[in-house]
J.: 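First the structure, which I've put down as structure tokens, then a few questions once you've had a look.
Computed from a prediction, not measured in an experiment: that's the story for all the values here.
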Protein chains: 2
Amino acid sequence: MAQLPTVEDVARLAGVSRQTVSNVINTPEIVRPETRERVETAVRELGYRPHASARRLRTRTSSTIGIRLDPLPRGISGAIQDRFLHALTEHAAERGFRVTLFTARDPQHEIEQYRSLRDGADVDAFVLTSTVSDDPRIEWLARERIPFVSFGRPWGAMGAHDVGDPERLWVDVDGRAGTALATQHLIGRGLRRIGFLGWPEGSGTGDDRRAGWGDAMRAGFPGIADAELAELSFETVEAVAAARVAVERHLADGLELEALVCVSDSVALGAMMAVREAGRPHFPVMGFDNTPVAQAVGLSSVDQRLDEVATSVLDLLLGATGRRVLPHGSGADPLGHRLVTPSLSCAGRVTWRPSRKPTAPRPAITSEKRKSNEQEDVDRRHRARRGRRCRAHRMFRWRRRK
Amino acid sequence: MAQLPTVEDVARLAGVSRQTVSNVINTPEIVRPETRERVETAVRELGYRPHASARRLRTRTSSTIGIRLDPLPRGISGAIQDRFLHALTEHAAERGFRVTLFTARDPQHEIEQYRSLRDGADVDAFVLTSTVSDDPRIEWLARERIPFVSFGRPWGAMGAHDVGDPERLWVDVDGRAGTALATQHLIGRGLRRIGFLGWPEGSGTGDDRRAGWGDAMRAGFPGIADAELAELSFETVEAVAAARVAVERHLADGLELEALVCVSDSVALGAMMAVREAGRPHFPVMGFDNTPVAQAVGLSSVDQRLDEVATSVLDLLLGATGRRVLPHGSGADPLGHRLVTPSLSCAGRVTWRPSRKPTAPRPAITSEKRKSNEQEDVDRRHRARRGRRCRAHRMFRWRRRK
DNA sequence: ACCCACAATTTGATCGATCAAACCCCGATT
DNA sequence: AATCGGGGTTTGATCGATCAAATTGTGGGT
């Protein structure tokens, strides 16, 4: 097999020097157009492709992003990581980046991997998922000044003040807007007794999603009593069976409900089983995550728009157009984060999608100041959605045959 | 920030030469033990880690495996790729390998990616998934003599004679044994009218799974009429709704059934919905893939044992113990493939697991010669399983409350 | 005492690219 | 006319490791 062509070969064929070839590839704008063309033809002719490892050795960059595969026993929502990975890989490729994977038993082991990957110039940056408050990994990466973005905002006591720090790069899905969207959809269908089935209080994500339901309820029914809202909201752990039992119990206890917004698809699936069983085949249930299961059983769900998340992650790492990872703490992005507004997917089809313009940052649930702003936002969206009812619930066929 | 230590630094500290350090790391057995220890201490002291890119440049290997993320709209079984990826990454790490991802719009684009990844010494080998018969990718990789293993045996006309070729490396799950296992389980519970709900004839995988059900039925009920088997087997496309309709129709048509073995979890989920709705809450349904959904709704399912698949892939690529990719067509493995026997998972818990010893190769469905062997196999397993009934169906609670 | 075989280690060259600095050429400046 | 400046290009050095060949050391055989 013939040797692969190198810059040297291209240079010889084009009658220029190594460096000029290199320039044509990396900074074409500084090469005289006619020389450039000559080199480009030579490249094509020989089928030259730069040797990635040689380049990395010299430049100490790899155009590669590392991401750890989540080791947790993933349930029904497991496909999320998969979808995100896909979106990230695809958009990374568009910008000349690749994604490499690794696994880790525990945070300490994970940090070792970071070190090893960085030292070998194997990756330029990391993407962190399933971060927890005061995550040791974040501490370490920040201290070492290794570029990274986390998918998931810094919740929790210490994280709370990091949310605004433009040096802490993160992307998250605006769960609050998502559940608000789902709730508005139900309100638009003329329902009033819309419940929320969430996780036990204390999880940032869960509380955020509950808040979105509250936003929409208050917006849709001005003056609704806090007591009524409290009555309509109840909780369960993240498991189909548990959710099912919770709904069964509340229905048995005489809770009047017309529809249910759920904190996740697992919970929604359990809820759906319970209401069907209670003889209410058309009772609308909304899930969250738009997992394959939801699509399969025809559950409406909030879609996280992981495509958008992936591009946002790259924007933060590389800048809007760049093809090189920005140094850690460069402050290149004025915000340092992106909050992606989810869309609503009815029985697997997207019915509503937010506009393309950059989403306004939304404060964490702990801060209450921008409330009025948000309310307006909700109202505007509510109006915008008119006339696009989704047929999910009519299409649903889980009912008992007569 | 201090420069990272290099071989040079370690050598100086240990009072030896570069090359000796290199030898300690790569071929420790040729270094005198006391020298080796001295170097090892120096390595620890400096926290030295070889620079991956430099090594790659020199050796033209990367200790990296490339895999394409499946672009197909994955349904309920989507998590399989995810789980496989996880297993592969984890076991690859144990052997000092990493996994990098890429995506591709079409086979042509995918081949371009192969070229680019190989030419840049970015990957040493590829793992192919969702292969089709006469896959152009396989042709190309083989022609270029790039090492690869496919997950999924070469089905189809042309593939059929590749199955035995030890130069074509592949790993697959023995679907036939899997459905046989599920069927035996039901037979063991004293059921007889056990149906099979499969995909339309013609898909290698689907036909194989159907055959496993046939094997077990014939073994369990010697002399069962072919007509009865034909009656018990029917088909549907891979979708929850379609499966549901198919089962509803057959039940309405008066098909007598006591249990159902299904070709996939999606299909099983549909079937389960249909039988529950028909008022038979304890009707056992067996799925295939052991997806999160199956676990969530308490469906028993055949588990593909992707861990085993991943280690098998690596065995084929690297040899039983090696840490370097074997050249394409080295014939290092006498078989050139592995057929992994799945296990049975009842309501999310594994009840039966095959012995650890290497699985005997199983012929593709097109060849019929080893039949008697297989029959024995089935019988032996059948006996081995005695006394380990799984409680899945008793635990199942999808029934209507009285 | 000499030579040889062999194990252990060292030395010089190399992988393919980019960086930093030097170079060349030509028009504008003084 | 000599100098300057700068765009465009070339040259030499370098990144950090491994390969291939050379070197040193050690003991055995004759």
J.: Please enumerate all residues that pass side chain to side chain contact (heavy atoms under 4.5 Å, CB included) together with A/Leu306, with sequence neighbours excluded.
T.: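 With sequence neighbours excluded, A/Leu306 shows a side chain to side chain contact (heavy atoms under 4.5 Å, CB included) to A/Ile80, A/Arg83, A/Phe84, A/Phe151, A/Gln304, A/Val309, given in chain and number order.
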J.: If I take atom CZ in residue A/Arg36 and atom C1' in nucleotide D/dG7, what distance separates them, rounded to the nearest angstrom?
T.: 14 Å
J.: Can you list everything that forms a ring-ring contact (aromatic ring centres under 6.0 Å, His included) with B/Tyr114? Sequence neighbours excluded, please.
T.: B/Phe102, B/Phe126
J.: Determine to 10° how strongly the helix from C/dA1-D/dT30 to C/dT30-D/dA1 is bent, judged from the axes of its five-pair ends.
T.: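 Comparing the first five pairs with the last five, the axes sit 60° apart.
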J.: For B/His109, what residues pass the side-chain hydrogen bond (donor to acceptor under 3.5 Å, both in side chains) criterion, not counting sequence neighbours?
T.: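 Partners of B/His109 by the side-chain hydrogen bond (donor to acceptor under 3.5 Å, both in side chains) criterion, ordered by chain and then number, come out as B/Gln113.
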J.: If a protein heavy atom is under 4.0 Å from the base, mark B; if only from the sugar-phosphate, S; if neither, -; do that for nucleotides 8-19 of chain D going 5' to 3'.
T.: SSBBBBBBBBBB
J.: Going by an N to O cut-off under 4.0 Å, is there a salt bridge joining B/Asp124 and B/Arg118?
T.: no
J.: Which residue pairs satisfy the side-chain hydrogen bond (donor to acceptor under 3.5 Å, both in side chains) criterion with at least one member in residues 10-23 of chain B, sequence neighbours excluded?
T.: B/Asp9-B/Arg12, B/Ser17-B/Thr20, B/Gln19-B/Asn23, B/Ser22-B/Asn26
J.: For A/Val149, enumerate each residue passing the side chain to side chain contact (heavy atoms under 4.5 Å, CB included) test, keeping only those at least two apart in sequence or located in another chain.
T.: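 A/Val149: side chain to side chain contact (heavy atoms under 4.5 Å, CB included) contacts with A/Leu169, A/Val171, A/Val313, A/Leu316, A/Leu317.
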J.: Residues two or more places apart in sequence or in another chain: which of them pass side chain to side chain contact (heavy atoms under 4.5 Å, CB included) with B/Glu37?
T.: B/Glu40
J.: Taking only residues at least two apart or on different chains, which pairs with a member in residues 89-110 of chain B satisfy salt bridge (Lys or Arg N to Asp or Glu O under 4.0 Å)?
T.: A/Asp122-B/Arg98, B/Arg68-B/Glu110, B/Arg95-B/Asp315, B/Glu110-B/Arg137
